[in-house]
Amino acid sequence: MTEYSRLKTSHSAAIRATLDYPVIDTDVHTNDFTPAFEDYIANYGGAKLVDELRKAEASRLNSKSNGKDWYQQTPEERQRNRTIRSPWWARVTRNTLDLATYTLPALLYERQAEQGSDYSVLFPNNVLAPAGASPENRQALQRAVNHYHADIYRKYSDRLTVVAGIPMSNPQEAIEELEFAVKTLGLKVANIPGGVKRPIKAIAEKYPADQFPEIAKYASYIDFYGLDSEYDYDPFWAKAVELGVPITTHYGSQGWTGRSSISNYMNNHIGHFADGSQAFAKALFFGGVTKRFPRLRVGMLEGGADWGAHVYIHLVDRFSKRSLKGLENYNPELTNADELFELFERFGGEITQGHSLSKEELTKTVLGSSFSRHSRQPVGSELNDFGAAGIETIEDIRDRWVNSFFFGSESDDRTIAAAFNDKANPLGVKINAIYSSDVGHWDVPDLTSPLAESWDLVREGVITEADFKAYVFANPYKFYTEANPDFFKGTAIESKVGNIESQQVDKNLVVA
């Protein structure tokens, strides 16, 4: 089939032809052609790096217990070991053209028009695999992976840009790789894991991982960088702002205790990106990262945008109840012991018969756990959960949540309506939903469908035409250019945005 004939049959291309603004896809997934990829890694750092890559990929994709993966275990073994059901058949296969497209940069570039996109940000499926490598090889492997992707997509940079994978095990390593990716490779977007699993020290000291691997496997927590971290990640956020790099993540929660089925992948998959990204974003908010770095822009992909509205609403609601002013409603010391005693005398009846308590004893009894649960009452900064975030008004919440975060929403996700519901969202705001086709993953069986599916949301009244424009153009453009005003310089977007701006000036002149 020729390129022209494919264009004529693409519903998304037809939609794009009606728009007077470009379409920016913030989330396209690509596959690596393994022989070329591994040859490059070997030339970069030797056969040991290839072995390290294979081990890292295996540990990321498989769920094993006692050396046996899910399919090798009996149902009884899965139950006993709580071996979670991992993904399977995760790539488009029946659509052979698309399968090749995600692997061949030249073909993907040729088919941009079919997709209805003017510019796409690419996330190779292996880009963060090095995060699972051994500490001594992790940094070299990540650098090799980033270098490979930068090389094979460089000639297509007017319409495609590939992300740099950044390991986050410690801030110094992250800074070094970010600087290398930007200054040496010319990459413009960072993709980080939304959290790093670390051992619980008190348990690890008693049960060393090399002697008790099964205990180490579960005796861990996730460090989300912004709140209660073992490291100070502020130098990394500062470097991202300095270099003008928007931060992205596809952080999920499959495998988290409490939300993992040992038999059902769909049970594990639904909501897991939202859950993982929510934990990451709340840590940055409550840890004060978005306060200290108001120019930091963070995009959380594949989880939808409705949870961004959901958390924003709850932040505002809870602040009204749990701010320092609101907490006065719950301060045990403000209970009027005399009034309480009098009310119990008048209305206690059979409830209090036979129980003679002093005013102080009665107050402690009625307050119960609010008074006696802890060895002492919280004091000072311990009282203010919103303190590190610097929240004094709900406008502060808006500025440090809505302005800082962008939420990747897939094309057929009807829950996007919550993001644009300015009647429900406090202060009448709309959440920054950004178009994330997720092309290259199993939920997109046809590359030419996503934009048209998003337009269906307009036809069905889920979102307005203005919301659609914000979703596929204005919000993605804002995400990248608020981090780096020159992000689209020299790209296909630059001239199209220039035309839009000049048309707007002309309209204003006519009106004047």
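Side-chain atoms are counted along with the backbone in the values below, which use heavy atoms only and exclude waters and symmetry mates. Nothing fancy with the numbering, it's 1 onward along the sequence.
Cation-pi geometry between Arg91 and Tyr102 is not met: the NZ or CZ atom fails to fall both under 6.0 Å from the ring centre and inside 45° of the normal.
No option in Phe487, Phe406, Phe488 other than Phe488 meets the ring pair (Phe, Tyr, Trp, His ring centres under 6.0 Å) test with Tyr477. Applying side chain to side chain contact (heavy atoms under 4.5 Å, CB included) to Val196 and the options Tyr231, Tyr221, Tyr225, Phe224 leaves one that passes, Tyr225.
Aromatic pair His441/His250: centroids not less than 6.0 angstrom apart.
Ring geometry for His149 versus Tyr153: interplanar angle of 30 to 60°, hence tilted. The aromatic rings of Phe405 and Trp401 lie perpendicular to each other, with more than 60° between the two planes, well past the 30° mark.
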Contacts table for residues 412-419: side-chain donor-acceptor under 3.5 angstrom, sequence neighbours left out:
| residue | atom | partner | partner atom | Å |
| --- | --- | --- | --- | --- |
| Asp413 | OD1 | Thr415 | N | 3.0 |
| Asp413 | OD1 | Thr415 | OG1 | 2.6 |
| Asp413 | OD2 | Thr415 | OG1 | 3.3 |
| Arg414 | NH1 | Glu460 | OE1 | 2.4 |
| Thr415 | OG1 | Asp306 | OD1 | 3.3 |

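Checked by atom type and distance alone, the side chain of Arg16 pairs as donor or acceptor with a backbone atom of Leu19 at under 3.5 Å. Put simply, the side chain of Ser12 gets close to the backbone of Thr448: a donor and an acceptor are under 3.5 Å apart. Not a single donor-acceptor pair under 3.5 Å links the side chain of Arg292 to the backbone N or O of Trp237. A distance-only check finds no donor-acceptor pair linking the side chain of Thr30 to the backbone of Thr103 [under 3.5 Å]. Side-chain atoms of Ser411 never come within 3.5 Å of backbone atoms of Glu453 as a donor-acceptor pair (strictly under, hydrogens ignored). Proximity of a side-chain donor or acceptor of Arg259 to a complementary backbone N or O of Asn268 within less than 3.5 Å is detected. A donor-acceptor pair under 3.5 Å is absent between the side-chain atoms of Asp158 and the main chain of Ala492, judged by distance alone. In this structure, the side chain of Glu494 engages the main chain of Gly490 through a donor-acceptor pair within 3.5 Å. A donor-acceptor contact shorter than 3.5 Å links the side chain of Asn329 to the backbone of Gly326. Remark: side-chain polar atoms of Thr26 are not paired, donor with acceptor, to backbone N or O of Ile24 under 3.5 angstrom.
When all heavy atoms are compared, the tightest approach of Trp307 to Ala274 is CD1-CB, 3.6 Å. Among all heavy-atom pairs drawn from Arg400 and Thr290, the shortest one is O-OG1, 2.9 Å. In terms of heavy-atom proximity, Ile247 sits nearest to Phe479 at O-CZ, 3.7 Å. The two residues Pro22 and Phe473 make their nearest non-hydrogen contact at O-CB, 3.2 Å. Of all non-hydrogen atoms in Ser260 and Ile84, the two that sit nearest each other are CB-CG2, 3.4 Å.
Screening residues 478-490 for salt bridge (Lys or Arg N to Asp or Glu O under 4.0 Å), with sequence neighbours left out, gives Arg297-Glu482. The list of salt bridge (Lys or Arg N to Asp or Glu O under 4.0 Å) pairs with a residue in residues 462-472, not counting sequence neighbours, reads Lys430-Asp467. For the salt bridge (Lys or Arg N to Asp or Glu O under 4.0 Å) condition, no pair includes a residue of residues 21-36, sequence neighbours left out.
Expressed to the nearest 0.5 Å, how far CG of Leu108 lies from OG of Ser120 amounts to 6.5 Å. The line from CG of Leu447 to OG of Ser437 is 7.5 Å long, rounded to the nearest 0.5 Å. Between the OG atom of Ser261 and the CE atom of Met266 there is a distance of 11.5 Å, given to the nearest 0.5 Å. We find the NE2-CD1 distance between His147 and Ile152 to be 12.0 Å, quoted to the nearest 0.5 Å.
Residues forming a ring-ring contact (aromatic ring centres under 6.0 Å, His included) with Tyr435 (at least two apart in sequence, or on another chain): Tyr471. Phe319 pairs by the ring-ring contact (aromatic ring centres under 6.0 Å, His included) definition with Phe386, not counting sequence neighbours.
By the 4.5 Å heavy-atom criterion applied to side chains, Tyr119 and Thr161 are counted as neighbours.
Of the N and O atoms on the side chains of Asp118 and Tyr21, not one donor lies less than 3.5 Å from an acceptor on the other residue. Checked by atom type, the side-chain pair Ser229/Asp223 shows a donor-acceptor distance below 3.5 Å.
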